[in-house]
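Notes follow the structure.
Note that ligands are numbered from 1 as they come in the structure, with each ligand's atoms numbered from 1 the same way.
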Amino acid sequence: MIILGIESTADETAICLLKNGTEILDAKIASSLELHKKTKGIVPEISARAHLESIFPMLIDMQKTFDFKLVDKFAVAVGPGLHGSLIVGVEVAKFLSYCYHKPLVPVNHLQAHLFANFITENKPELPAIGLVVSGGHTDLVIIDNSLNIKLLGSTRDDAAGEAFDKVARILLDANYPGGPEIDKVFFENRDKYNKKILARPMLHSKDHEFSFSGLKTSVNQMLKTYDKIEIAVDFQRSVVEVLLKKTLRAYKQFGAKSVVVGGGVSANGLLREEFLNKFKNSVYFPPKGLSLDNAVNIASAAYYLPSRVDLEKIKTVSGLTVEETLGM
Ligand code: KG4
Ligand code: ZN
């Protein structure tokens, strides 16, 4: 089973060939991040154009070493994401599927982040609690024995990654993505600073929801009293503590057998350390390079969920169902 995956939800244009759900035959990725640095944030129009410019040369390059006639399925991220960017990936995927007479599997980008954990031989045991922590989302889900995914709770305001990005800009004057900058500063200074400065938002709430926007406000207030680096260290501790405690609560409540983490923030060093301490070998992180947006996640999700995608229910960012977007 060879799946050609396409990802174009935000600033990464990515394509890959995944064999039998585990073997990456090829994976290409182009990022328009540098373009967005100039504008200090993603301009949707620029992102969409960048996808259009990258995707065809990447596919042509891939075709030089692999005959697309051998592809069994095409898979594409259909959202959530930027409208113009999504259209590029979806239209190209439709075209390929039409030309090669092979099925097209629409994939939810957030679910795909979790399926990054399924490409190794050592698979997470089910039922599992899934934690998606990306630049735009913070979701706790339960994945049942049949791989159905149910949302337990989300952030009420900013996503974890968004909080990292905003706080990194305030404290370190960092460009997007700010998460890796805070992470670096944390490990350079963790031994020096132990003081709890910031709140741990919604730590004790009994639901599965999060809230990170208040942290940004507290960070601004603490600037009068504390050193920027000291605040950054405690900020990382605060976010990780909340994510860990809430994941643990859901894990116990649902009698889950494992925890799978996905999305850009799953690359965070302290998060990995603390989750590994708590869940030992029951916690799964994406293999190197698959935490951030990529096409392998998309192909992996399509490998596991080929017939389970409920086209009626998944709406793309345009508000249309996938069937409508794909013109089916
Ligand atoms: O999943 P992703 O690549 O894109 C979205 O779907 O949003 O996640 C990007 C987010 C950014 O907010 C970035 O700051 C954050 O992931 N991130 C990190 C780290 N690496 C990336 N946050 C904390 N620590 C990191 N090491
Ligand atoms: Zn993502």
Side-chain angles (χ1 to χ4, degrees), residues 5-14 29-33 36-37 40-42 44 47 51 76-82 85-86 89 107-117 130-139 141 154-155 157-188 190 210 212-213 215-216 232-244 260-275 285-286 288-298 300-301 317:
I6 298 180
E7 154 68 43
S8 74
T9 56
D11 48 352
E12 267 88 30
T13 315
I29 190 155
S31 174
S32 56
L33 206 61
H36 306 308
K37 279 187 181 157
K40 294 210 178 265
I42 296 185
S47 166
H51 285 300
V76 62
V78 295
L82 301 169
S85 302
L86 280 167
V107 173
N108 176 293
H109 173 90
L110 299 173
Q111 295 191 353
H113 270 304
L114 296 176
F115 279 97
N117 292 291
L131 174 68
V132 182
V133 266
S134 72
H137 295 82
T138 306
D139 292 337
V141 304
S154 301
T155 179
D157 39 60
D158 289 356
E162 191 179 353
F164 267 99
D165 296 331
K166 287 179 177 170
V167 167
R169 178 168 288 188
I170 298 169
L171 296 177
L172 310 174
D173 199 23
N175 273 320
Y176 176 89
E181 305 289 326
I182 299 236
D183 204 10
K184 183 165 163 274
V185 160
F186 175 83
F187 281 98
E188 287 164 357
R190 70 190 303 186
F210 302 90
F212 294 109
S213 71
L215 272 180
K216 186 191 64 193
V233 168
D234 194 52
F235 168 78
Q236 173 138 318
R237 285 202 181 105
S238 168
V239 175
V240 171
E241 186 177 336
V242 173
L243 292 173
L244 177 67
V260 294
V261 191
V265 185
S266 71
N268 186 270
L270 181 67
L271 184 138
R272 289 192 174 219
E273 198 177 284
E274 296 280 315
F275 273 64
F285 291 101
K288 204 170 176 336
L290 300 187
S291 280
L292 301 172
D293 291 351
N294 66 80
V296 176
N297 294 357
I298 307 301
S300 175
V317 72

Verify the distance criterion only: is there a donor paired with an acceptor across the side chains of S32 and D11 at less than 3.5 Å?
no
Under a 3.5 Å threshold, I'd like every N/O contact between ligand 1 and protein atoms, with atom names and distance.
residue: ligand 1; atom: 1 (O); partner: H113; partner atom: NE2; Å: 3.1
residue: ligand 1; atom: 1 (O); partner: G264; partner atom: N; Å: 3.0
residue: ligand 1; atom: 1 (O); partner: D293; partner atom: OD1; Å: 3.2
residue: ligand 1; atom: 3 (O); partner: D293; partner atom: N; Å: 3.3
residue: ligand 1; atom: 3 (O); partner: D293; partner atom: OD1; Å: 3.4
residue: ligand 1; atom: 4 (O); partner: D293; partner atom: OD1; Å: 3.4
residue: ligand 1; atom: 4 (O); partner: D293; partner atom: OD2; Å: 3.3
residue: ligand 1; atom: 6 (O); partner: H109; partner atom: NE2; Å: 3.3
residue: ligand 1; atom: 6 (O); partner: D293; partner atom: OD1; Å: 3.3
residue: ligand 1; atom: 7 (O); partner: G135; partner atom: N; Å: 2.8
residue: ligand 1; atom: 8 (O); partner: G135; partner atom: N; Å: 3.4
residue: ligand 1; atom: 8 (O); partner: G264; partner atom: N; Å: 3.4
residue: ligand 1; atom: 12 (O); partner: G161; partner atom: O; Å: 3.2
residue: ligand 1; atom: 12 (O); partner: D165; partner atom: OD1; Å: 3.3
residue: ligand 1; atom: 12 (O); partner: D165; partner atom: OD2; Å: 2.7
residue: ligand 1; atom: 14 (O); partner: D165; partner atom: OD1; Å: 2.6
residue: ligand 1; atom: 14 (O); partner: G179; partner atom: N; Å: 3.0
residue: ligand 1; atom: 20 (N); partner: G264; partner atom: O; Å: 3.4
residue: ligand 1; atom: 24 (N); partner: N268; partner atom: ND2; Å: 2.9
residue: ligand 1; atom: 26 (N); partner: D183; partner atom: OD2; Å: 3.0

Give the ring-plane orientation class for H109 versus H113, where under 30° counts as parallel, over 60° as perpendicular and anything between as tilted.
perpendicular
Protein N/O/S atoms under 2.8 Å of the Zn ion (ligand 2)?
H109 NE2, H113 NE2, D293 OD1
I need the minimum non-hydrogen distance between V107 and I298, along with the two atoms involved.
CG2-O, 3.7 Å
Tell me the closest heavy-atom pair linking G263 and S134, and the distance in Å.
CA-CB, 4.3 Å
Ignoring hydrogens, what is the shortest heavy-atom contact between S31 and E12? Give both atom names and the distance.
OG-OE2, 3.5 Å
Any side-chain donor near an acceptor of the partner, E7 and N294, under 3.5 Å
no
For the aromatic rings, using the six-membered ring if either is Trp, is the centroid distance between F235 and F164 under 6.0 Å?
yes
So, for D157 and F212, which heavy atoms are closest and what is the spacing to 0.1 Å?
OD1-N, 2.8 Å
Going by atom types only, do S8 and H51 share a side-chain donor-acceptor pair under 3.5 Å?
no
